[in-house]
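Heads up, the thing below is written out as structure tokens.
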Amino acid sequence: MSKRIITISREFGSGGRYLGEKIAEQLGMDYYDKEILVKVAKKTGLSQKYIEKVGEGAPIKNHFAYSFVGRNSAGASLGDYMDSMQREVILEAVEKGPCVIVGRCADFILRDRTDILNIFVCGNDKEKTARIMQLHNLSEAEAHKLMKETNKKRRVHYEYYTEQKWGEAGNYSICLNSSDIGYDRCIEIICDLVK
């Protein structure tokens, strides 16, 4: 296996988490998503619920305001602290063996490795909204609003901590549109690229 680490960044509703689970299962790799939050909670003493809420989403919707969120005397925010703990957990995870990591700026954290495949999963708004409606039992308007808000928070968080553009093709090994390609074909393409 030439690529022993797969990172999946994704738009909300594109099925990135689902793809990550299936790929890890098919390739016999460890899978990390919310497991990272559990480990960060243990390391920090913060509640898992709080870490999950803040996780990879920005508490504020623009870069300027995000940079001024409550800071300690050293200039670090609680978000900065959580980001450094997530980084630590991710680095520990990849040392344990082949794995799939969903979100958490893992593509950036592990950018210097040669044994990694960084994937960005996007989708068409109509299909993403329908998926969110089904998974979260929301109306179309609620699902569309949640999708827009979540993606905006992910973008701000990612761009703040990586100084890279979220979703820009050059930051990833491959970008896949799950709406156009379908989940099964996405899984097949990714598994073929890892071998």
Side-chain donor/acceptor of Glu159 to backbone N/O of Trp166, under 3.5 Å = yes

Quick one: CG on Asp107 to OG on Ser173, what's the gap to the nearest 0.5 Å?
-> 9.0 Å

Would you check if Tyr32 and Arg104 make a side-chain contact, meaning some heavy-atom pair closer than 4.5 Å?
-> no

Do the side chains of Glu142 and Met133 get nearer than 4.5 Å, heavy atoms only?
-> no

To the nearest 0.5 Å, what is the distance between CG (Leu27) and SG (Cys191)?
-> 4.0 Å

Under 4.5 Å between side-chain heavy atoms, hopping through other hydrophobics if needed: is there a path connecting Ile187 to Ile189?
-> yes

Mind checking whether Tyr183 and Tyr31 sit in one hydrophobic cluster, side chains of I, L, V, M, F, W, Y counted as touching below 4.5 Å?
-> yes

Identify whether Leu193 and Ile181 are in the same connected component of the hydrophobic contact network (ILVMFWY, side-chain heavy atoms under 4.5 Å).
-> yes

Return yes if some donor-acceptor pair links the side-chain N/O of Thr129 with the main-chain N/O of Lys126 below 3.5 Å, else return no.
-> no

Any idea which heavy atoms bring Met29 and Lys3 closest together, and the distance?
-> CE-O, 4.0 Å

Met147 reachable from Val156 in the ILVMFWY side-chain graph, under 4.5 Å edges | no

Return yes when atom CD of Glu188 has more than 12 non-hydrogen atoms of other residues, nucleotides or ligands closer than 6.0 Å, and no otherwise.
-> yes

With the side chain counted from C-beta on, respond yes when Asn151 and Lys128 share a heavy-atom pair under 4.5 Å apart, and no when they do not.
-> yes

So do the side chains of Ser14 and Cys122 get within less than 4.5 Å of each other, counting heavy atoms only?
-> no

For Ile8 against Gly20, the heavy-atom pair lying closest together | CD1-CA, 3.5 Å

Ile101 and Ile90, any side-chain heavy atoms less than 4.5 Å apart = yes

Interatomic spacing from CG in Leu91 to CZ in Arg113 - rounded to 0.5 Å = 8.5 Å

Trace of the side chain to side chain contact (heavy atoms under 4.5 Å, CB included) decision for Val194 with Ile6 = CA-CA 8 Å; Val194 171; Ile6 300 171; 3.3 Å; yes

Any side-chain donor-acceptor pair under 3.5 Å between Asp180 and Asn124?
-> yes

Please assess Arg10 against Arg154 for the test side chain to side chain contact (heavy atoms under 4.5 Å, CB included), listing each intermediate value before the final yes or no.
-> CA-CA 9 Å; Arg10 75 283 185 224; Arg154 284 180 179 172; 3.2 Å; yes

Roughly how far apart are Ile190 CD1 and Leu176 CG, rounded to 0.5 Å?
-> 5.0 Å

NZ/NE/NH1/NH2 to OD/OE distance under 4.0 Å, Arg17 and Asp33 | yes

Is a donor on one side and an acceptor on the other found under 3.5 Å between the side chain of Thr7 and the backbone of Val102?
-> no

In the single-linkage hydrophobic clustering (I, L, V, M, F, W, Y; side-chain heavy atoms under 4.5 Å), do Leu37 and Phe12 co-cluster?
-> no

Between Glu11 (side chain) and Gly123 (backbone), is there a donor-acceptor pair under 3.5 Å?
-> yes

Taking the side chain as every heavy atom from C-beta outward, state whether Lys148 and Lys152 have any atom pair closer than 4.5 Å.
-> no

Aromatic centroids of Tyr161 and Phe108 separated by under 6.0 Å | no

For Val40 and Val38, what are the C-alpha separation, side-chain angles and deciding distance, and is it a side chain to side chain contact (heavy atoms under 4.5 Å, CB included)?
-> CA-CA 6 Å; Val40 169; Val38 172; over 6 Å; no

For the pair Glu92 and Lys43, find out whether any cationic side-chain nitrogen is under 4.0 Å from an anionic carboxylate oxygen.
-> yes

Hey, could you give me the CG/CG distance between Leu110 and Leu117, rounded to the nearest 0.5 Å?
-> 12.5 Å

Can you see which heavy atom on Ser179 is nearest to which on Glu127, and at what distance?
-> OG-CB, 3.4 Å

Could you state the interatomic distance from CG (Asp184) to CG (Leu19), rounded to the nearest 0.5 Å?
-> 9.5 Å

Val94 side chain reached by Cys99 side chain, heavy atoms, under 4.5 Å = yes

Report yes or no: is the cationic atom of Arg155 (NZ for Lys, CZ for Arg) closer than 6.0 Å to the six-membered ring centre of Tyr158, at no more than 45° off its axis?
-> no

Is any side-chain heavy atom of His157 less than 4.5 Å from a side-chain heavy atom of Cys105?
-> yes

